[in-house]
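Remember, it's a predicted structure, so these values are computed and weren't measured experimentally.
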Amino acid sequence: MNVLMLSGDPRLFFYTNSPVADRMREYGKEFGVLDILLFLYDGGYNIELSKETRVFTVSGRFMRFVYGFIQGIKMLRKNKYDVVVAQDI
């Protein structure tokens with residue numbers, strides 16, 4: 001199953017050894033593919049937490065939501081996701 005998650009939790013990016021990041025790695029193993037679109041206030045770049053779990057970041061005060069919408073549309077067009085979920089936005 002391919003899952004796209006929209007998230008605003010910076011622990012996924014800044015603390016890659018955190019319990020949150022570990023849980024996302026486990027979800028990725030369980031689902032097969034877990035792509036996370038992470039909305040950050042400041043900074044960021046794309047990272048791979050594991051083979052199955054990737055984090056794509058967008059940043060900015062207000063514009064992160066505009067950039068995130070555009071990035072999300074691109075991801076939906078490029079990949080076939082079975083489920084789209086949101087948390088902590």
Side-chain angles (χ1 to χ4, degrees):
M1 178 184 320
N2 293 336
V3 178
L4 173 61
M5 176 184 288
L6 309 176
S7 179
D9 191 347
R11 292 175 291 182
L12 286 170
F13 180 77
F14 294 111
Y15 308 104
T16 56
N17 292 325
S18 71
V20 174
D22 291 339
R23 189 169 56 248
M24 293 305 125
R25 284 185 196 93
E26 290 299 318
Y27 289 161
K29 287 179 188 174
E30 190 69 31
F31 296 138
V33 172
L34 176 60
D35 288 341
I36 303 168
L37 183 55
L38 182 61
F39 295 80
L40 294 176
Y41 180 74
D42 188 30
Y45 50 87
N46 300 340
I47 60 172
E48 191 171 284
L49 293 177
S50 70
K51 186 177 80 168
E52 303 88 6
T53 308
R54 300 177 297 177
V55 180
F56 302 90
T57 62
V58 291
S59 62
R61 287 185 160 193
F62 171 74
M63 292 302 289
R64 69 178 174 245
F65 298 109
V66 175
Y67 298 146
F69 177 78
I70 294 167
Q71 180 69 22
I73 294 295
K74 288 178 183 178
M75 291 173 74
L76 287 168
R77 286 184 177 155
K78 183 179 177 184
N79 304 301
K80 182 174 179 171
Y81 293 104
D82 300 305
V83 179
V84 178
V85 298
Q87 77 172 39
D88 300 332
I89 291 186

For Asp42, does the CG atom sit with more than 12 other heavy atoms under 6.0 Å from it, leaving out its own atoms? no
Considering residues at least two apart in sequence or located in another chain, which fulfil the side chain to side chain donor-acceptor pair (under 3.5 Å) criterion with Arg54? Asp35
When rounded to the nearest 0.5 angstrom, what is the spacing between CZ in Phe31 and CE in Met24? 9.0 Å
Heavy-atom check, side chain of Leu34 versus side chain of Leu49, under 4.5 Å: no
When you measure from the side chain of Thr57 to the backbone N and O of Tyr45, does any donor-acceptor pair fall under 3.5 Å? yes
Counting only heavy atoms not in Met63, do more than 12 fall under 6.0 Å of its CE? yes
Taking all non-hydrogen atoms of both residues, which atom of Gly8 and which atom of Pro10 are closest, and how far apart? O-CD, 3.1 Å
Assess whether side chain to side chain contact (heavy atoms under 4.5 Å, CB included) is satisfied between Val33 and Asn79, documenting all intermediate values. CA-CA 11 Å; Val33 172; Asn79 304 301; over 6 Å; no
Test of understanding: clusters of I, L, V, M, F, W, Y form through side-chain heavy atoms closer than 4.5 Å, transitively. Do Leu40 and Val20 belong to the same one? yes
Over all heavy atoms of both residues, which pair between Val58 and Arg64 is shortest? Give the atoms and the distance, please. CG2-O, 3.6 Å
Counting C-beta onward and ignoring hydrogens, is there a side-chain heavy-atom pair between Leu38 and Ser7 closer than 4.5 Å? yes
Exam field: side chain Asp82 to backbone Asn2, donor-acceptor pair closer than 3.5 Å: yes
Path from Tyr41 to Phe62 over hydrophobic side-chain contacts below 4.5 Å: no
Do Thr16 and Arg25 have side chains that get closer than 4.5 Å, going by heavy atoms? yes
Taking Glu26 first and then Lys29, would you say they form a salt bridge - that is, a charged N and a carboxylate O separated by under 4.0 Å? yes
Nearest heavy-atom approach of Ser59 to Tyr67 is O-CD1, 3.6 Å
Nearest heavy-atom approach of Met75 to Leu37 is SD-CD1, 4.2 Å
